[in-house]
Number of protein chains: 2
Amino acid sequence: MPRSPRSSSAKGPVTIAMVAARAGVSAPTVSNAINAPEKLRPETLERVLRAIEETGYRPSRAAQTLRTRSSKLIGYGVRPTPPGTTAPVMDRFLHALSEAADDAGYRILLFASPPGGASLKGYEDLLDQHDVDGFVLSDTDERGDPRQPWLDKQGVPFVAFGRMWSKRQIGDWVDVDGAAGTDAAVEHLISLGHRKIAFLGWERGSGVGDDRAEGWQRAMRRHELPTRARRAQSADDVDAARTAVKPLLDAGATAVVAASDTLALGCYYALRERGATPGRDVAVVGFDDSPTAGILSPGLTSVAQPLEAVGRECVRLLLARMADQDAEPERVLLEPSLVIRDSTPAPDA
Amino acid sequence: MPRSPRSSSAKGPVTIAMVAARAGVSAPTVSNAINAPEKLRPETLERVLRAIEETGYRPSRAAQTLRTRSSKLIGYGVRPTPPGTTAPVMDRFLHALSEAADDAGYRILLFASPPGGASLKGYEDLLDQHDVDGFVLSDTDERGDPRQPWLDKQGVPFVAFGRMWSKRQIGDWVDVDGAAGTDAAVEHLISLGHRKIAFLGWERGSGVGDDRAEGWQRAMRRHELPTRARRAQSADDVDAARTAVKPLLDAGATAVVAASDTLALGCYYALRERGATPGRDVAVVGFDDSPTAGILSPGLTSVAQPLEAVGRECVRLLLARMADQDAEPERVLLEPSLVIRDSTPAPDA
DNA sequence: CTCGTTCATTAAATCGATAAAACGAACCTA
DNA sequence: TAGGTTCGTTTTATCGATTTAATGAACGAG
């Protein structure tokens, strides 16, 4: 078989007309061979497919979009990472998103979303100019985020990474079950023999933070362990955490579950301050499995979000929504997994 | 003035024909009002612009692309972050890229690039199907990367984040001057009174690593300080670094410049092992200003890459290349900046 | 053997923009 | 006043695909 030459090797891309000429048919027949093969006589189909193969034909998305009003594009607004925040792992999510989209014949179109309050500008632009078929949203936990209601009203398909914490639920979303993560952390610690397990969380009021606290609490209750005086809160900041965790250590906690790796690191420092060693004297579990967790010493056991799966699910839900606008909203909670490192060692054999 | 209604509020987007009808002119006149306003009589221009404003008209990119063969799209292949690696904060880069592109009327189109060897598949697809106008490449330091030669041969505009270390230079690139970064680190340490300044780097052979070593070396020479027995190498791994730095500390180094934050953290541990305190007893400087650097205690002084500026420059060079295919290749080296934290404290007053 | 079906294929129309060519009015020159 | 410019606008054609309507061949029934 002849090696299929790159379309642009000759001059300009291969058009449907060239394929048609080569196969001895008309343009619509080539189109049908791709989009409705059952309409062709098997013999014709084979001839057309061969011509497509030989010419390396790829339909022009611009022409398809113009005709069908569907761009096979999914919009995603990139927020700048606020300096100081540990929110780096978005690369993994974006890659998973791209990959899942590619597999379905879609692509991700980026636009720069302003840092402060969620503006609708970029969303309007992508809709009008690029005819995007839908959007993936992230960072949806801000209060008064206008995006979901607006997109819903416009009838534009979208899916959010992050559930809605308000009562009124709008549209589909995918989220990670934070409570299940801290619950698993507690179970792990209990299996190691710990009973005095404390929780270091953020100030109440954030959906994500309260959810993570909830998982710790329910696991403790399940094992009939007291939670009173075993819980502290702090800003997501190492120094604040170092201070906030002290009472818990004073109260004799042998293990700390933290709502973030940053908070967990605060525990490390508080322990060292009093001459104790994280992992050996007090077990510590973080949340997010940030790059930092792996390079700390001792390595920080942490709850890892399945970002690849989140990306895939986002695309799956979005495609379903695009296929049927009126379907029941689907909401997916994914289980995080515990990455066990040296900060939660097995008891001496 | 009437509030401009969202195009899709009525039914379907606003087309150029609607604007033309409203302004009492023909379609091409509207087109000219946007693309060649000097061709219109001022009075007509004003009338057309008003109609555009009132209708909220945004030209359809699909139609424009079809006609002009320019999509105003820039392709970018997202690689998955290899697990274990200190994920560079690519989000910042991507945001900057998007923002700079948006400002110039372009957008970033993602595709999933396979993890292993750089495949050309995604690049071909974006060219043929989406008519992308150019590409931004990253992770170009791999040997035998086929992308640059291939794109160059195809005559497709591209710009790389990361210079080419081989002799044969192809195309435009933007990079961060790693040598200038470590040089500045040394200067900073010298100003604090240090003289025995060691360098902890990667194994020789990587362009990036050798460059960072080079900056340290030249600064030392400039101040007539010895570099012999002040240099060690290690894999980019905390434990390896901890071991590798020992001889340097044994030799009495009072400061260590590391080729990465991971290596710098290895120094922290080596110091603690011998009862010394990073920052107080021995100064440490890292490289990349990863999120980890900020949350360590003491905070790690680190060389920060100007990722926002890199993104902007990438777009600038790419636009220039698209405007003139035959222009001389432009290569931009950006200065990193030293983020000073507590690991390099000022001497006691 | 003619006429109505069925089925595969083609011809024609269309999406929304822009480039090129045609057009017509105003103005200038001879 | 005829003829030539200049200038602004419109007409026409086009990009590459898909949708709809039309076409023609093969076939069966009457």
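Every chain is numbered from 1 and lettered A, B, ... according to where its sequence line falls, protein lines coming before strand lines.
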**OP:** Report the residues that fulfil side chain to side chain contact (heavy atoms under 4.5 Å, CB included) with A:Asp324, sequence neighbours left out, ordered by chain and then residue number.
**Re:** A:Asp326, A:Ala327
Subject >> With sequence neighbours excluded, residues passing side chain to side chain contact (heavy atoms under 4.5 Å, CB included) with A:Ala27 >> reply: A:Ile16
Subject >> Aromatic ring proximity, centroids under 6.0 angstrom, A:Phe111 and A:Tyr76 >> reply: no
Original post:
What is the bend of the helix from C:dC1-D:dG30 to C:dA30-D:dT1 when you compare the axis at one end with the axis at the other, using five pairs each and rounding to 10°?
Top reply: 70°
**OP:** Hey, could you give me each pair passing side-chain hydrogen bond (donor to acceptor under 3.5 Å, both in side chains) that has a residue in residues 36-51 of chain B? Not counting sequence neighbours.
**Re:** none
Are [X] and [Y] side-chain neighbours, meaning at least one heavy-atom pair lies under 4.5 Å?
X	Y	result
B:Thr140	B:Met164	no
B:Val315	B:Arg312	no
A:Asp133	A:Pro157	no

Original post:
For the pair made of CG in A:Asp128 and C1' in C:dA17, what is the distance, rounded to whole Å?
Top reply: 15 Å
Original post:
Roughly how far apart are B:Met90 CE and A:Leu94 CG, rounded to 0.5 Å?
Top reply: 12.5 Å
Original post:
Can a salt bridge be assigned to the pair A:Arg316 and A:Glu330 using a cut-off of 4.0 Å between side-chain N and carboxylate O?
Top reply: yes
Original post:
Does A:Asp172 pair with A:Arg331 as a salt bridge, N-O distance under 4.0 Å?
Top reply: no
Original post:
Earliest and latest nucleotide of DNA chain D, 5' to 3', sitting under 4.0 Å from a non-hydrogen atom of chain A?
Top reply: D:dG16 to D:dT19
**OP:** Produce a footprint string for nucleotides 5-16 of chain C: one letter per nucleotide, 5' end first; B if the base is under 4.0 Å from any protein heavy atom, S if only the sugar-phosphate is, - if neither.
**Re:** ---SSBBBBBBB
